[in-house]
Amino acid sequence: MTLKSIWDRYYIAIIFIITCFVLGLVLMVVTVNQATSEYNEVSIASGDSIWSLADEYAGNYKMSKQEFVAWVEKENQIINGKLTAGETITIPVKKGNADVDRSIQLANE
């Protein structure tokens, strides 16, 4: 069989397969970009650690502290749990769900 005879006989199937492949790649790229953007980012202050962030956020979002720390280390490629002040990391808290207020407020305000 020549390529022309294969094309003449199966052109609809070939076009369908190529279209599915391209749409699959587009869907994969969109899903990956959307997945990373749906979580909150936290700016690290001096003295912050992954465990202190876990104390603040993990209990409110049905995660154990160990699960929280493991997720943060994996998603942010953190080795040995070392954070640097000023860096921004992604935490497993959906945007709009971060109800923990990290600021100090006086009683008379």
Side chain to side chain contact (heavy atoms under 4.5 Å, CB included) against Phe16, all qualifying residues, sequence neighbours excluded: Cys20
Would a 4.5 Å heavy-atom cut-off, applied to side chains only, mark Tyr57 and Val42 as touching? yes
Report whether Leu25 and Leu23 are members of the same hydrophobic cluster (ILVMFWY, side-chain heavy atoms less than 4.5 Å apart, transitive linking). no
Side chain to side chain contact (heavy atoms under 4.5 Å, CB included) test vs Ile50 passes for just one of Asn76, Ile44, Leu83, namely Leu83
Search all heavy atoms of Ile91 against all heavy atoms of Tyr39 and return the closest pair with its distance. O-CB, 3.3 Å
Closest non-hydrogen atom pair, Ala45 against Ala85: C-CB, 4.1 Å
Taking only residues two or more places apart in sequence or in another chain, which ones pass salt bridge (charged side-chain N to carboxylate O under 4.0 Å, His left out) with Lys4? Asp8
How about Leu3: does its CG atom have over 12 heavy atoms from other parts shown lying under 6.0 Å from it? no
Determine, using the 4.5 Å side-chain heavy-atom cutoff (strictly less than), whether Ile15 and Ile6 are members of one ILVMFWY cluster. yes
Report the C-alpha separation of Ile14 and Ile18 in whole Å, then their side-chain angles, then the decisive distance to 0.1 Å, and conclude whether the side chain to side chain contact (heavy atoms under 4.5 Å, CB included) test is met. CA-CA 6 Å; Ile14 293 169; Ile18 291 171; 3.9 Å; yes
Minimal heavy-atom distance between Gly86 and Ser43, with the atoms involved, is O-OG, 4.2 Å
For residues 63-72, dump all side-chain donor-acceptor pairs below 3.5 Å to protein atoms at least two apart in sequence or in another chain.
from  : atom 1 : to    : atom 2 : distance (Å)
Ser64 : OG     : Glu67 : N      : 3.1
Ser64 : OG     : Glu67 : OE1    : 3.4
Lys65 : NZ     : Asp55 : OD1    : 2.7
Glu67 : OE1    : Ser64 : N      : 2.9

Residues Lys82 and Glu87: closest non-hydrogen pair is O-OE2, 4.3 Å
Does Tyr10 belong to the same Ile/Leu/Val/Met/Phe/Trp/Tyr cluster as Trp7, with side-chain heavy atoms less than 4.5 Å apart forming each link? yes
